[in-house]
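Excluded from the calculations below are hydrogen atoms, water molecules and symmetry mates; all remaining heavy atoms, backbone and side chain alike, are included.
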Amino acid sequence: MPQTPHYDVFISHSSKDNQLAELLYAFLKEKGLSVWMDTYDIRPGEPYAKEIMAGLSRSSSMLLIYSANACGSKDMKREAANADKRNIPIVVFKIDQTPLVDEFEYYLALDQWVVADTDPTGSFDTILATLRKHLDKDAEPKRERL
């Protein structure tokens, strides 16, 4: 019987920020983390929402790429709400100056943020260190509110 995969990180992003999300995906995988991202992990022919929920439920943390593009994404708001419901730590990668809006303000205002440098890729090491802190086996498993 095949084992269900486990992921260290679930990447939530707007499709308009897909290029940066793909760079992050590759970086985190190169650094040894198992990463779930819709672009690579939604199986053909499977219902999108079902696949999203399966990936999220098998993940230990969420990396949410927040931008002006994210503001209109109902899917990202649902993903944040479901991560919160499951007590999954959310690391917010804020890549522009857009303030938190609507449900994002409710679900993310107290979570840990990484604010992008002028070149967002310059923040990747900080994101990696933050995620590893949440994945530390000795760390308290409950969601940390900062």
Contacts of Asp125 meeting salt bridge (charged side-chain N to carboxylate O under 4.0 Å, His left out) (sequence neighbours excluded), chain-then-number -> none
When you compare the side chain of Asp84 with that of Leu108, does any pair of heavy atoms fall below 4.5 Å? no
Check: So, do Ile88 and Ser60 sit near enough that their side-chain heavy atoms are less than 4.5 Å apart?
Finding: no
To the nearest 0.5 Å, atom CE of Met62 lies from atom CG of Leu131 at 12.0 Å
With sequence neighbours left out, the residues meeting side chain to side chain contact (heavy atoms under 4.5 Å, CB included) with Tyr40 are Glu22, Tyr25, Met37
Residue set satisfying side chain to side chain contact (heavy atoms under 4.5 Å, CB included) with Thr130, at least two apart, ordered chain then number -> Val91, Gln112, Val114, Thr126, His134
Ser59 meets the side chain to side chain contact (heavy atoms under 4.5 Å, CB included) criterion, sequence neighbours left out, with Tyr7, Phe10, Trp36
Margin query: Whether the Asn82 and Arg78 side chains hold a donor-acceptor pair (N or O, under 3.5 Å, no angle test) is what I'd like checked.
Written below: no
(message) Assess, by modelled atom type and distance only, whether the side chains of Asp96 and Thr98 contain a donor and an acceptor separated by less than 3.5 Å.
(response) yes
(message) Quick one about Asn18 and Thr39 (side-chain donor to acceptor, distance below 3.5 Å, no hydrogens or angles considered), yes or no?
(response) yes
**Message:** If you define the side chain from C-beta out and look only at heavy atoms, does anything of Asp41 sit under 4.5 Å from Val35?
**Reply:** no
Applied to residues 41-93, the ring pair (Phe, Tyr, Trp, His ring centres under 6.0 Å) test, sequence neighbours excluded, yields Tyr66-Phe104
With sequence neighbours left out, the residues meeting side chain to side chain contact (heavy atoms under 4.5 Å, CB included) with Ala81 are Tyr107
Exercise. Evaluate whether atom CD of Gln97 has more than 12 neighbouring non-hydrogen atoms of other residues, nucleotides or ligands under 6.0 angstrom away.
Key: no
